[in-house]
Amino acid sequence: MRHVIIGNGPAGVIAAETLRAQRPGDDIVLVGDEPEPPYSRMAIPYLLEGDIGEPGTYLRKGPDHFAGLRIILRQAAAQSVDTQARTVRFGDGGVLPYDRLLLATGSAPADPPIPGIHSPGVLTCWTLADARKIAQAVQPGTRVLQLGAGFIGCIIMESITSRGASLTVVEMGDRVVPRMMPPGAAALIKRWCEGKGVRILTGAKASRIDRDASGLHVHLEGGETLDVDVVISATGVQPKIGFLNGSGVATHTGILVDDHMRTNVTDVYAAGDCVEAAEFWTDTRFVNAIQLNAADQARIAALNMAGRPTRSQGALALNVLDTFGMISTSFGQWQGVKGGDHTELCDEGAFRYLRLEFSGDVLVGATSLGLTEHVGVIRGLIQSRVRLGKWKAHLMQDPTQVMAAYLACAQDAA
Ligand SMILES: Cc1cc2nc3c(=O)[nH]c(=O)nc-3n(C[C@H](O)[C@H](O)[C@H](O)COP(=O)(O)OP(=O)(O)OC[C@H]3O[C@@H](n4cnc5c(N)ncnc54)[C@H](O)[C@@H]3O)c2cc1C
């Protein structure tokens with residue numbers, strides 16, 4: 001039996017290792033199109049801040065790790081998949097037959113429709129190659145404009161300012177991290193970043209980027225023009241699925257999978273940032289582009305590929321953000337559900353925030369800022385779908401009582 005895995009990020013690596021543990025005698029081929037050993041994009045901010053070197057980003061450290069597991073690494077870009085013939089065709093002309101195929105190609109930065117977005121000096125922050133370009137371009141005194149203050153945008157701000165650059169952030173949403181945080185928490189994050197010297201413009205949209213000998217000129221819809229040396233585009237990501245055109249594998253925004261991580265084509269599975277899967281609480285499909293989700297889906301996909309039927313409970317939004325040392329989180333249905341209710345605690349002076357969202361007496365979502373000690377317990381309460389009974393009223397009064405509620409309810413239920 002030959003398992004071919006396209007994509008050697010966290011999803012591909014975890015799937016390969018899970019398969020090896022389950023199927024000692026099978027062939028496993030792990031294919032990636034980047035020249036480096038499998039690495040974690042999550043580590044790029046630490047690389048830019050100088051905390052680690054490139055080897056520190058590698059997912060597995062020993063040079064013989066994959067060979068020792070008899071996982072064959074191959075560097076090539078998959079160009080097409082023939083699901084009838086069960087083969088993958090690569091850009092180097094090679095063709096690889098498979099018995100079971102895992103699609104784990106991740107996502108790539110979105111390409112916003114802004115004239116001038118492809119000018120020299122406009123960079124993205126997604127790959128190690130991108131990180132090298134940023135390290136070269138962003139020096140003490142460099143004027144940087146960042147497009148987007150979403151999940152990745154908020155993570156990389158410190159990487160830019162720590163290099164001695166000045167930073168302006170343009171976010172078209174009405175607040176920072178608009179797809180991850182309610183307004184109360186987002187306002188605190190914005191003020192926190194401004195306190196670190198970052199200028200943040202929300203509700204602002206770049207309409208054009210010009211370049212001349214003096215640098216880049218970013219025109220905003222309101223009429224303002226910002227003169228900078230470097231633009232970093234962090235306006236979201238898109239699943240890398242173009243190579244599946246004509247394969248018969250069903251896609252929408254991402255690759256559509258069922259709760260076993262199976263696509264609509266027999267023996268073809270998918271996991272990670274390239275996948276659009278059902279959400280934990282609803283049947284709504286979404287791309288949950290975080291590493292934890294990639295790892296979880298990869299393990300489930302690999303167990304099913306190995307013949308051990310395993311179901312996913314659904315993709316749970318689990319966003320943990322470190323912005324200049326301020327830890328914020330949002331989980332599950334953080335934006336609330338129809339007919340549900342919520343409680344909110346906000347200490348603006350201390351940068352502490354906690355909001356809990358309920359459906360009936362079940363905790364379905366939460367947002368926190370500056371309150372890391374509660375994070376594991378909140379996640380446990382949401383994932384266990386436990387009924388809180390009288391503890392819901394206590395939490396509505398004082399949301400910081402989540403630990404007591406967890407001990408009383410979740411452990412009883414377990
Ligand atoms: C700067 C930064 C910071 C981040 N911080 C966090 C964080 O704090 N927490 C968190 O949870 N997540 C974070 N993420 C997101 C996280 O890195 C992704 O969710 C995770 O990498 C997804 O893993 P994956 O294996 O699905 O995809 P990827 O890591 O993208 O790996 C996919 C691999 O497939 C390869 N590939 C693509 N197409 C092909 C093809 N046609 N042929 C062959 N190979 C192909 C790609 O080159 C890549 O190597 C961060 C991302 C970035 C960029």
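In listed order, ligands and their atoms are each counted from 1. Quantities reported herein were computed from a predicted structural model and do not represent experimental measurements. What you see below is based on every heavy atom in this structure, not just the backbone, and it leaves out hydrogens, waters and symmetry mates. We number each residue from 1, following the sequence as shown.
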Seminar exercise, completed: Out of Val275, Ile155, Val81, the nearest non-hydrogen contact to atom 8 (O) of ligand 1 is supplied by Ile155

Problem set entry | Contact partition for Ile290 relative to ligand 1, non-hydrogen atoms under 4.0 Å | both

Exercise. Nearest non-hydrogen atom to atom 36 (N) of ligand 1 belongs to which of Asp322, Asp130, Asp33?
Worked result: Asp33

Problem set entry | Carboxylate-amine/guanidinium contact Asp341 Lys392, below 4.0 Å | yes

Problem set entry | Which of the ligand 1 atoms, numbered from 1, are nearer than 4.0 Å to a heavy atom of Gly7 | 33 (C), 34 (O), 35 (C)

Exercise. Any side-chain heavy-atom pair from Asp82 and Arg89 closer than 4.5 angstrom?
Worked result: no

Exercise. Against heavy atoms of Gly272, which atoms of ligand 1 measure under 4.0 Å?
Worked result: 26 (O)

Seminar exercise, completed: residues 128-171 vs ring-ring contact (aromatic ring centres under 6.0 Å, His included), sequence neighbours excluded, gives none

Exercise. Just checking, any donor-acceptor pair under 3.5 angstrom between side chains of Asp229 and Thr142?
Worked result: no

Exercise. Do Pro10 and ligand 1 have an N or O pair less than 3.5 Å apart?
Worked result: yes

Seminar exercise, completed: Per-atom filter on ligand 1: closer than 4.0 angstrom to a heavy atom of Asn8 are 33 (C), 34 (O), 49 (O)

Exercise. Looking just at side-chain N and O atoms, do Tyr353 and Glu344 make a donor-acceptor pair shorter than 3.5 Å?
Worked result: yes

For this session: May I ask you to check whether Ala11 has an N/O atom sitting below 3.5 Å from an N/O atom of ligand 1?
Result: yes

Exercise. What is the nearest protein non-hydrogen atom to atom 15 (C) of ligand 1, stated with its residue, atom name and distance?
Worked result: Ala289 O, 4.0 Å

Exercise. Tell me, which protein residue and heavy-atom name are nearest atom 31 (O) of ligand 1, and how many Å apart are they?
Worked result: Gly9 CA, 3.4 Å

Exercise. Does Trp126, backbone or side chain, put an N or O under 3.5 Å from an N or O of ligand 1?
Worked result: no

For this session: Could you tell me whether the side chains of Glu49 and Ser159 share a donor-acceptor contact shorter than 3.5 Å?
Result: yes

Exercise. Can you tell me if Glu279 and Thr282 form a side-chain donor-acceptor pair at under 3.5 Å?
Worked result: yes

Exercise. Could a heavy atom of Phe90 be found less than 4.0 Å from some atom of ligand 1?
Worked result: no

Exercise. Are any of the heavy atoms in Ala76 under 4.0 Å away from ligand 1?
Worked result: yes

Exercise. For Met172, does the CE atom sit with more than 12 other heavy atoms under 6.0 Å from it, leaving out its own atoms?
Worked result: no

Exercise. Out of Thr124, Thr105, Ile6, whose heavy atom is nearest to atom 37 (C) of ligand 1?
Worked result: Thr105

Problem set entry | Short side-chain donor-acceptor distance under 3.5 Å, Arg100 and Tyr98 | no

Problem set entry | Option set Arg41, Lys240, Gln75, criterion heavy-atom distance to atom 48 (C) of ligand 1, minimum | Arg41

For this session: Would you mind running through ligand 1 and noting each atom that sits below 4.0 Å from a heavy atom of Glu34?
Result: 46 (C), 47 (O), 48 (C), 49 (O)

For this session: Quick one: look at Met42 and ligand 1, take heavy-atom pairs under 4.0 Å, and tell me if it's side chain, backbone, both or neither.
Result: both

Exercise. For Phe243, what residues pass the ring pair (Phe, Tyr, Trp, His ring centres under 6.0 Å) criterion, not counting sequence neighbours?
Worked result: none

Exercise. In terms of residue, atom name and distance, what is the protein heavy atom nearest to atom 27 (O) of ligand 1?
Worked result: Gly106 CA, 3.3 Å

Exercise. Any chance CZ of Phe351 has more than 12 other-residue heavy atoms, nucleotides or ligands included, within less than 6.0 Å?
Worked result: yes

Seminar exercise, completed: Counting heavy atoms under 4.0 Å, the part of Ser40 that contacts ligand 1 is neither

Exercise. Would one find more than 12 heavy atoms of other residues, nucleotides or ligands at under 6.0 Å from atom CZ of Arg387?
Worked result: no

Exercise. Can you tell me the protein heavy atom closest to atom 52 (C) of ligand 1 and the distance?
Worked result: Ile152 CD1, 3.6 Å

Exercise. Can you check whether Cys274 has an N/O within less than 3.5 Å of an N/O in ligand 1?
Worked result: no

For this session: Would you check if there is a donor-acceptor pair between the side chains of Thr83 and Ser247 at a distance under 3.5 Å?
Result: no

Problem set entry | Closest to atom 12 (N) of ligand 1 (judged by heavy-atom distance), picking from Gln291, Gln79, Gln297, Glu36 | Gln291

Exercise. Does Thr105 use its side chain to pair, donor to acceptor, with the backbone of Lys240 at less than 3.5 Å?
Worked result: yes

Exercise. Closest non-hydrogen protein atom to atom 40 (C) of ligand 1, residue and atom name please, with distance?
Worked result: Ala78 N, 3.6 Å

For this session: Counting heavy atoms only, name the option from Val31, Asp273, Val13 that's nearest to atom 20 (C) of ligand 1.
Result: Asp273

